[in-house]
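Scroll down for the structure; my scribbles are underneath it.
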Amino acid sequence: MSRLAVLIVAAGKGERAGMGLPKQYELLAGQPMLRRTVQAFAGYPVQVVIGQGQQDLAKAALQGLELPPAVTGGATRQESVRLGLEALAKNAPDFVLIHDAARPLISAKVIGDVIKALEGGADGALPMVAESDTLRRREKDGRWTLVPREALYRAQTPQGFVYAKIAAAHRAHAGNEVTDDVALAELAGLKVEMVEGEEKNIKVTRKEDFALAEKLMANDQRSGDVRTATGYDVHKFTDGDHIMLCGIKVAHSHGLEGHSDADVGLHAITDALLGCIGEGDIGQHFPPTDERWRGAASWKFLDHAASLVRGRGGVISHVDVTLICERPKVGPHRDAMREKIAEILQIELPRVSVKATTTEGLGFTGRREGIAAQAIATVRL
Ligand code: CTP
Ligand code: MG
């Protein structure tokens, strides 16, 4: 079987988008665009190329994904691609796919078609879509002339090549500025085949393209998997003068007994999140027999579960927890609890709900022997 590598170029400044960060690090439906693009190539070995000084942004955007360290790109896209290709030279693949970080909507079908063309013997392959707008060209004398669109196609990425051939082409033509790798391949006389591209494989270029890409994604099966799971926990009252509840220290006539800080609320949410990705439960990740977790702050458990979710490409849509006890009163602490949970999960406040109920004096919670919590989490994968 041939070896393949994917080079994702993300070293641009995103000047036309003109947002707070270079566009590839801006959130697209809750995740950095670069992360979405990388995940579209799940299962293939990906090498990311980033801009000078973008290390921290890239690290945050790609947290939890198994990737080799990012390579630093150059002042132009062509330069970034060349540096990425050089980085692959040590362990050179047979084929390389070169893809823009700014095209997060690439489908498995187009990726597969480009690879098929290479396996069929082409030096290079690229997806193209037929132009459907009527095009006019402005002539030197100011007149507009009609350009017959039948023969016109738009080039997309990933553009795939025999690695050794495109690497040689980049080295030989470093001085000739071109806009994509196929143009360079043609300068080097390579045989490039066309495969069917997709309209939805847009290059996110301007700020308004983010909204368009989000709409296109909503239609996309891959982002349509919604998972929900519940979590439940109980801790018993013991001597003390405060308890930890949803990350907040609450003064109380008793403490709560437990190996960690016994925060029932955070434990229930942690289990709900683990449930969404089928990752067992809190006891499996943080065994009560393990001395490391004695007296541990429970935000660490929740933070771990959230990073596991993100590592799967998941987005936490919502968490809702109900605290079941007669006392302490939850109401006065509810806002602080929501804020704390949102902070730990790195999600917006409206995505966090904290509720409370008594059991009308019935059962163990009614007898004030302890506190129970039940949670539900919703994750989009
Ligand atoms: N790119 C790169 N290195 C550069 C310039 C661009 O790796 N020196 C990458 C971009 O990050 C993007 C892709 O090439 O994923 C396509 O480029 P473009 O859409 O033009 O992105 P930017 O150059 O960042 O945007 P702009 O031209 O608006 O500044
Ligand atoms: Mg550019």
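All ligand and atom numbering here is 1-based and tracks the order in the structure.
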Residues D303, K300; criterion salt bridge (Lys or Arg N to Asp or Glu O under 4.0 Å); working and verdict | CA-CA 5 Å; D303 175 60; K300 291 180 188 165; over 6 Å; no
Do H285 and F301 have ring centres separated by under 6.0 Å?
-> no
Tested for side chain to side chain contact (heavy atoms under 4.5 Å, CB included) against L126, the lone hit among T157, I98, V114, V182 is V182
Let me know which protein residues bring a heavy atom to under 4.0 Å of ligand 1; chain then number is fine for ordering.
-> V9, A10, A11, G12, K13, G14, E15, R16, K23, Q24, G74, A75, T76, R77, S80, D100, A101, A102, K203
What pairs with F95 under ring pair (Phe, Tyr, Trp, His ring centres under 6.0 Å), at least two apart in sequence or on another chain?
-> none
With the side chain counted from C-beta on, respond yes when R3 and D94 share a heavy-atom pair under 4.5 Å apart, and no when they do not.
-> yes
Quick check: does any side chain N or O of D290 sit under 3.5 Å from a backbone N or O of R292, one acting as donor and the other as acceptor?
-> yes
